[in-house]
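To start, the structure under review is shown below, and the notes come after it.
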Amino acid sequence: MVAPMNQTDNSPDPHDGPIPDDLAHQPSSSSLSARARAAVAPQLAYLNGLNLEQRAAVEATEGPVLVLAGAGTGKTRVLTTRIAHLIATGKAWPSQILAVTFTNKAAREMRERIGRTIGDVAEGMQWLGTFHSIGTKILRRHAELVGLRSDFTILGTDDQLRLMKQVIEAEGIDEKRWPARQLAGLIDSWKNRGLGPDQVAAGEAGAFANGRGGRLYRAYQDRLKVLNAVDFGDLLLECLRLWREHPDILEQYQERFRYMLVDEYQDTNVAQYLWLRLLAQKRKNLCCVGDDDQSIYGWRGAEVDNILRFEHDFPGATVIRLERNYRSTGHILSAASVLIAKNQGRLGKTLRTEDEPGEKVTITGAWDSEDEARLIGEEIETLHAGRHSLSEIAILVRISAQMREIEDRLVQLGVPYRVIGGPRFYERAEIRDALAYLRVVNQPADDLAFERIVNVPKRGLGDATIQVLHNHARAARVPLMEAARFLVETDELKPKPRATLRDLLISFSRWSKLSETLSQSEVAQTVLEESGYTDMWQKEKSADAAGRLENLKELVRSMEEFPDLQSFLEHVSLVMEANESDTSERVSLMTLHAAKGLEFDTVFLPGWEEGLFPNQRALDESGRAGLEEERRLAHVGLTRARRRAKIYFASNRRIHGLWNSTVPSRFIDDLPEANVEIVEAPANFSYGGYGGGSRFDRMQPFSGSSYQTPGWQRAQAHRAGTDDGGYSARRSGDRRGPLMIEGELVAKSTGSSGFAVGGRVLHSKFGPGTVEAVDGNKLTVEFDKAGRKMVLDSFVEALR
DNA sequence: CGATGCTCCGTTTTT
DNA sequence: CGGAGCATCG
């Protein structure tokens with residue numbers, strides 16, 4: 001549901017707006033009233049129940065403070081109590097506290113919890129929000145100073161991409177060769193690092209489109225300005241520019257924000273770091289809360305370094321460690337701690353608990369991914385039969401592709417589940433379309449929105465017509481809408497599109513007029529109906545059409561909560577989320593990333609295999625840093641569990657349609673033997689699966705040695721060769737695929753396969769078969785029992 | 001202009 | 001294997 005709006009700023013507040021001159025009346029920390037209030041503080045109820053470290057983190061109000069809060073150590077509690085404390089002791093008004101989070105969800109939760117602690121005062125916290133919503137608020141006030149109007153539009157990723165495509169084509173570059181997606185990624189990474197078009201290193205900018213990357217970046221920014229639009233990155237970058245070019249304005253904010261708090265500091269990128277540093281320069285009352293061991297967003301620009309270097313960047317900083325875990329039982333916590341201790345780049349914390357040891361972390365080997373899903377399904381059924389609540393069970397996967405097989409299994413068993421994550425409400429096509437209509441009604445010059453819906457639903461205004469519109473718009477330097485108005489009066493368009501376009505223009509004028517008298521939700525309703533948009537989905541017979549119509553209804557309904565269309569559009573571009581307040585009895589299925597911040601009694605962790613987790617791509621792209629981030633992900637996964645953590649790996653997994661034999665994750669070796677229990681997979685009926693006795697308890701799991709040792713490789717060969725019911729799957733001497741040692745690429749051998757068409761081969765899963773075709777290292781084999789499959793040659797053995 | 005084949009590609013995801 | 005996005009045909 002749509003959260004109540006606190007993003008826009010229509011609540012008058014005496015402490016808001018251009019430098020309030022009542023700042024002088026603020027109780028300074030030494031004033032009598034402040035001291036009197038401070039004297040009461042120790043008795044304040046909110047401090048009760050905090051442990052020593054937590055309390056220290058709450059009370060260390062002055063100067064830079066870094067709170068290293070391990071998983072489950074009461075981070076949010078400290079943050080909210082600290083804010084309550086600042087307010088209750090009179091150190092600052094709610095409006096003088098800047099509290100930044102990453103997600104809207106976190107912001108909302110914090111606001112609620114502060115409200116619960118100290119009551120309505122939390123309403124006055126107009127500077128509690130995400131980096132982006134706060135950036136927006138600041139930018140709207142000073143938009144003209146950075147070349148924008150205060151009603152600028154915030155572009156979503158789809159608009160961004162469309163714009164970049166246009167920019168690339170306008171430069172005469174082949175978009176197929178140099179895709180907009182790639183440019184978007186590049187520009188995004190520059191913005192993450194706080195780099196404007198002038199600051200990108202020439203070499204780096206040159207990497208795209210034969211040296212034209214920088215030019216494209218600039219052209220893109222220029223286009224944004226013309227459209228009076230910004231993208232997400234700009235919400236921070238333009239603040240930086242504003243403050244650097246107008247120190248007086250920076251000073252206003254430095255004055256205003258007496259205390260600053262940042263949640264999830266380990267996730268900040270360079271731009272966000274610079275943003276914070278500028279603001280904190282004066283008063284230096286910056287409190288960052290985070291956990292370097294939970295930094296899992298490096299791939300999208302987060303800099304673990306920000307948290308690692310905090311003491312260096314903010315001299316004299318107080319560092320407080322929260323190490324007492326209130327979530328997990330002993331074995332789980334020890335396992336997670338020992339695992340994460342293998343990382344080099346960390347500040348180091350030792351989580352401890354006073355809880356009982358509880359159950360050991362289990363490790364179960366499955367024959368293949370299907371088997372793995374089956375084992376998990378069975379375990380869930382057993383737990384459920386033992387009255388374990390399904391909503392206290394989560395399955396955490398590394399990549400979403402793992403979900404399908406698990407879902408299939410759960411469906412088959414009739415276990416209700418929900419997938420967390422996935423496409424956001426406002427990212428859905430129907431929502432973006434509806435919004436585009438409203439944007440055009442609200443702002444006819446919004447070319448991107450106009451272009452998006454001009455032919456949705458299909459009205460016969462295709463590429464040809466759009467091209468003519470574009471040409472005119474560019475030549476006359478007017479928005480598309482205006483170009484259209486001109487063109488319908490001429491003969492340049494064919495009669496049919498011309499008439500259609502004219503009708504559309506008339507409709508838009510009518511809707512705009514309507515919006516002067518009707519409420520915005522009524523306008524929306526009318527627009528969606530009269531444009532034929534709802535009709536389009538009603539006629540659509542596909543399975544999700546009904547859901548889309550439901551989403552549209554939800555959109556219209558939610559609009560009623562806003563004073564005007566403008567503020568609604570603002571909300572939606574930054575904040576709007578899907579309705580996730582479903583508390584029904586279901587197992588949760590999500591990626592490890594999506595699980596951060598959540599906790600469950602029982603957590604299933606499938607797919608702990610080399611290549612999948614740690615993910616090969618992370619290793620290839622980021623080497624050791626990538627490996628460490630993967631390990632942090634493993635740590636996050638384990639620490640989500642309160643009472644039970646169950647790790648699985650499969651010996652065979654299908655990747656891109658081909659079966660690959662896999663090796664258990666090195667993270668399994670990172671776990672301490674004392675806290676782990678190897679669980680024998682029950683005998684199963686898989687073809688060639690574990691038929692008899694134990695296998696992987698013999699794989700010397702906790703020697704701490706690398707899987708690359710000869711002993712390990714022998715163990716592997718032995719395992720595959722003797723324990724699979726007779727079908728030997730020994731990998732041939734030349735081991736294909738990259739070998740990784742601690743994230744460093746050691747060898748990558750490609751080489752054509754020695755198999756010939758017509759030859760007989762034996763595969764570990766499919767048994768004997770005849771080679772039908774050879775394509776590099778891929779073989780098409782007609783298997784005697786399993787039929788025709790494409791397999792990698794390294795998984796079959798030639799038969800004579 | 002629109003529907004159907006075809007090729008290509010294949011983490012993680014928030015704002 | 002399966003989806004998305006594109007190109008070609010009708």
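Lettering of chains follows the sequences in order, A, B, ..., and the numbering in each one begins at 1. Just so it is clear, the values below take in all heavy atoms, side chains as well, and ignore hydrogens, waters and symmetry mates.
Nearest-nucleotide positions on DNA chain B for A/E629 and A/H132 put A/E629 closer to the 5' end. Between A/I399 and A/F102, the residue anchored closer to the 5' end of DNA chain B is A/I399, taking for each the nucleotide with the nearest heavy atom.
Under 3.5 Å, the side chains of A/Y265 and A/N306 contain no donor-acceptor pair of N or O atoms. Defined by atom type and a distance below 3.5 Å, a donor-acceptor pair is present between the side-chain atoms of A/S369 and A/E405. Under 3.5 Å, the side chains of A/Q616 and A/D620 contain a donor-acceptor pair of N or O atoms. With 3.5 Å as the limit, one finds a donor-acceptor pair spanning the side chains of A/T130 and A/S133. Defined by atom type and a distance below 3.5 Å, a donor-acceptor pair is present between the side-chain atoms of A/N228 and A/D151.
Among the nucleotides B/dG2, C/dC6, B/dT15, the one closest to the side chain of A/K165 is C/dC6. Proximity note for A/N455 (side chain, C-beta onward) versus B/dT13, B/dG10, B/dG2: the nearest is B/dG2. Of the candidates C/dG2, B/dG10, B/dT12, the closest approach to any side-chain atom of A/R404 belongs to C/dG2. For A/A618, whose side chain is taken as the heavy atoms from C-beta onward, the closest listed nucleotide among B/dT13, B/dG2, B/dT11 is B/dT11. When the nucleotides C/dC1, B/dC1, C/dG3 are ranked by their closest atom to the side chain of A/A464, B/dC1 comes out on top. Minimum atom distance to the side chain of A/T591 is reached by B/dT13, of the listed B/dT11, B/dT15, B/dT13. Nearest to the side chain of A/T103, among B/dG2, B/dT15, C/dG3, sits B/dT15. When the nucleotides B/dT11, B/dT15, B/dG2 are ranked by their closest atom to the side chain of A/E621, B/dT11 comes out on top.
A/E405 comes within contact range of no nucleotide atom at all, as no heavy-atom separation falls under 4.0 Å. If you check every strand for non-hydrogen atoms under 4.0 Å, A/E264 touches nothing. A/L461 comes within contact range of the sugar-phosphate backbone alone, with a heavy-atom separation under 4.0 Å but no base atom that close. No engagement by A/D188 is indicated, since no non-hydrogen atom pair under 4.0 Å with the nucleic acid exists.
Between B/dT12 and A/S400, a contact under 4.0 Å exists linking OP1 or OP2 to a side-chain N or O. Taking only side-chain nitrogens and oxygens, A/T465 comes nearer than 4.0 Å to OP1 or OP2 of B/dC1. Here A/S133 does not reach the OP1 or OP2 of B/dT15: none of its side-chain N or O atoms lies under 4.0 Å away. Not one side-chain nitrogen or oxygen of A/N192 sits closer than 4.0 Å to the OP1 or OP2 atom of B/dT15. An OP1 or OP2 oxygen of C/dA4 is reached within less than 4.0 angstrom by no side-chain nitrogen or oxygen of A/R181. A sub-4.0 Å separation between OP1 or OP2 of B/dT12 and a side-chain N or O of A/N615 is absent.
The glycosidic torsion of B/dT11 lies within 90° of 0, placing the base in the syn range.
The separation between A/R653 atom CZ and B/dG10 atom P is 19 Å, rounded to whole Å. In this structure, the CG atom of A/N660 is 13 Å from the C1' atom of B/dG10, given to the nearest Å. What separates CG of A/D620 from P of B/dG10 is a distance of 13 Å, to the nearest Å. Atom pair A/R632:CZ and B/dT12:P shows a separation of 18 Å (rounding to whole Å applied). For A/L589 and B/dT12, the CG to P distance is 13 Å, given to the nearest whole Å. Rounded to a whole Å, the CZ atom of A/R654 is 7 Å from the P atom of C/dG2. Atom-to-atom, CG of A/D158 to P of B/dT13 comes out at 18 Å; the value is rounded to the nearest Å. Distance, A/K105 NZ to B/dT13 P: 13 Å, rounded to whole Å.
Counting distance only, with no hydrogens placed and no angle test, the side-chain atoms of A/R398 and the base atoms of B/dT12 include a donor-acceptor pair under 3.5 Å.
Only the C1' atoms considered, B/dT11 is 24 Å distant from C/dC6, to the nearest whole Å.
Residue A/W299 and nucleotide B/dT12 are classified as a stacked aromatic pair, their ring centres being separated by less than 5.5 Å at an interplanar angle below 30°.
Residues A/K596 and A/D267 approach most closely at NZ-OD2, 2.5 Å, considering heavy atoms. The two residues A/G301 and A/N192 have their closest heavy-atom pair at CA-OD1, 3.9 Å.
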